[in-house]
Amino acid sequence: MTAGTDQIPGVPGDDPAAQHEHHHADVSGGWLRAAVFGAMDGLVTNTALVAGVGGGGAAPRTIVLSGVAGLVAGAISMALGEYTSVKTQNEQLDLEVAKERRELEHHPEEELAELVGMLRVRGVEDGLAREVAVQLSRDPEVALRLHIVAELGLSPEDEPSPRTAAVSSFLTFSLGAVLPLLPYLFGLSLLWVALLCGGLGLVTAGALSSRFTPRPWWYAGLRQLLFGAVAAGATYAIGAAIGVTAS
C-alpha cells in the first residue's frame, strides 16, 4: 500500500471539501445593516444638531439638552423603524411562500416545468434539467425553497430578526449620537471640539464598515466624513442665520 493513497474516513485531510473549507460573513441576520445605518445616522444627526444649535449661539446647557433629546428620540425612532421594516419584509416573504406553496399543491406540472426552465437558464441541458427537476420535486420543501430563491432572491430560512435589527440600531445610534456631546458632558464647552469628535467618529465608523466591503478603509472613512460635513455645514449656516435674525 503506497503512502498517501489510502483514505481514512473522517480524517479532514483526506476530504477535498474540508481542505477547501471557507466561511462567509452573516449577511442575513439583520444586525449588520441596522448597526451600520444606526451608527452613521446617530453620528450625522447629532453632529449636525450640535452644529446647528451651537451655530445659533445657544448656551452649552441648551446644546447638551438638544443633543440628549436628539439622541433619545433618534434611537427610539431608529429601533421602531428597523423593527417595523424588517417585520414587514418578513411578513411579505411569508405571504409569497404561502402563495408558492399553494401553486405547488394545485399546479404541480406547471411548477415542474417552471423549475426545468430555471435549470435550463442556468446552463443545464434539457434532458438533465428535467431529470434533476423531477428528483428535486420529490421533496415539496426543497422545491418550494428553490422556487422562492429563484423568483424572489430570498430564502425563507434566512429571514432577518426584527428584534436584532431594532436592538442593533438602537445601540449603535446611541453610541454615534453621544460622541459629539462628549466634550460638553466633560465640561469642555467648545463647539469646534464637539464637531471634531463627531468627525473622528464618522471616519472611524466608516473605516470599520469597510471591513464588510471591498472598499479601502480610508475611502469609506472619508466618504462618511464628507457626508457628515455637508450636514453639519448646512445646519450650522441655518443656525447662524436664525441666531443672528433672532437676536
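Values below: all heavy atoms of this structure, side chains included; hydrogens, waters and symmetry mates excluded. The first residue of the sequence shown is numbered 1, and numbering continues consecutively from there.
Within 6.0 Å of the CZ atom in Arg120, the count of heavy atoms belonging to other residues, nucleotides or ligands exceeds 12. Within a 6.0 Å sphere centred on CZ of Arg130, heavy atoms belonging to other residues, nucleotides or ligands number 12 at most. Summarising the local packing, CD of Gln92 is surrounded by 12 or fewer heavy atoms from other residues, nucleotides or ligands at distances under 6.0 Å. Environment of OH in Tyr184: crowded, with over 12 heavy atoms of neighbouring residues, nucleotides or ligands closer than 6.0 Å.
Considering CG of Leu175 and CG of Leu43, their distance stands at 7.5 Å, rounded to 0.5 Å. Rounding to the nearest 0.5 Å places CG of Leu191 at 6.5 Å from OH of Tyr236. Interatomic distance, Trp218 CH2 to Arg223 CZ, rounded to the nearest 0.5 Å: 11.0 Å. Taking OG1 from Thr172 and CG from Asp41, the interatomic distance works out to 9.0 Å, rounded to the nearest 0.5 Å. Taking CD of Glu100 as the start and CD of Glu105 as the end, the distance is 11.0 Å to the nearest 0.5 Å. The line from CD of Glu111 to CG of Leu144 is 9.5 Å long, rounded to the nearest 0.5 Å.
Classification of Glu141 and Arg101 as a salt-bridged pair holds, one side-chain N sitting under 4.0 Å from a carboxylate O.
Summarising the geometry of Phe173 relative to Leu71, their closest heavy-atom pair is CE2-O, 3.6 Å, with the distance given to 0.1 Å. The two residues Ala129 and Leu119 make their nearest non-hydrogen contact at O-CD1, 3.3 Å.
Residues Leu128 and Glu131 form a side-chain contact, since some pair of their non-hydrogen atoms from C-beta on lies under 4.5 Å apart. Looking at Glu159 and Leu93, their side chains come closer than 4.5 Å, going by heavy atoms from C-beta outward. Here the side chains of Arg145 and Val142 are in contact, with some heavy-atom distance below 4.5 Å. Within the 4.5 Å cutoff, the side chain of Glu91 has heavy atoms near those of the Lys87 side chain. Counting heavy atoms from C-beta outward, Leu200 and Leu179 have side chains that stay 4.5 Å or more apart.
Looking at Ser169, its side chain does come within 3.5 Å of a backbone N or O of Ala166 through a donor-acceptor pair.
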Please lay out, stage by stage, how Thr235 and Leu49 fare under the test side chain to side chain contact (heavy atoms under 4.5 Å, CB included). CA-CA 7 Å; Thr235 54; Leu49 180 60; over 6 Å; no
